[in-house]
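As structure tokens, the structure follows; a few thoughts come after it.
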Amino acid sequence: MKIFTDTTELVEHLRVLATTESVEAPGFLEIEHGLQCAALLKASHPDDLELQVAGLIHDLAHPWDGPGQPRHATMGADAVRGLLGERVASLIEGHVPAKRYLVSTRSDYRALLSADSIMTLDAQGGELSADEIRDFEAQPHWRAMVDLRIADDGAKDPNARVPGLDHWVDTIHALGRKS
Ligand SMILES: [Fe+2]
């Protein structure tokens with residue numbers, strides 16, 4: 001894995017993801033999945049640039065993790081914490097616990113997950129206990145984590161047409177300057 005020290009390095013990594021097949025949406029490139037996720041969050045949260053960029057890069061560590069992707073959320077958060085700040089990092093880190101939270105609290109949610117997301121759920125810890133649900137809801141950004149997760153699960157549409165990576169580059173650099 002890697003810790004990014006400037007946003008140019010991060011953008012270069014995203015360009016590599018534009019040539020990498022997605023591990024969670026077969027037939028997709030990693031970056032297509034991220035771009036769709038970011039576009040969904042831009043539509044639902046037009047003023048929250050941190051959430052949009054977190055959606056774009058939430059799976060940036062997929063190439064670094066192993067089968068079941070148990071650590072990619074933590075590795076992705078660690079890679080950008082110093083660069084984009086604690087909130088973006090915690091939103092990235094939260095997208096796996098948010099899946100476990102949604103499966104545990106919404107009976108219809110499991111049906112929305114892709115086959116791959118269901119397969120990785122066990123490797124990522126399965127359903128949350130009652131105590132873990134309380135702990136999840138005690139985190140400051142838990143609602144945004146859930147919003148990112150719902151966009152994540154919706155970002156697997158082979159026919160979606162969304163803005164490309166160039167659309168996001170200035171925003172990534174701006175967030176890097178702010179943090
Ligand atoms: Fe994802």
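No hydrogens, no waters, no symmetry mates; every other heavy atom, side chains included, goes into these values. The first residue in the sequence is number 1, and the count goes up from there. Remember, it's 1-based here, ligands and their atoms both numbered in the order they're listed.
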Option passing side chain to side chain contact (heavy atoms under 4.5 Å, CB included) with Trp64 (candidates Met1, His72, Arg71) | Met1
Does CZ in Arg87 sit with more than 12 non-hydrogen atoms of other residues, nucleotides or ligands closer than 6.0 Å?
-> yes
Does one side chain, of Lys156 or Gln36, offer a donor that lies under 3.5 Å from an acceptor on the other?
-> no
To the nearest 10 degrees, how large is the angle at the Fe ion (ligand 1) between His33 NE2 and Asp152 OD1?
-> 80°
Residue Asp59 atom name (nearest to the Fe ion (ligand 1); N/O/S) = OD2
Among Ile133, Thr105, Val103, the one residue meeting side chain to side chain contact (heavy atoms under 4.5 Å, CB included) with Leu128 | Ile133
Heteroatom of His58 nearest to the Fe ion (ligand 1) (N, O or S, atom name) = NE2
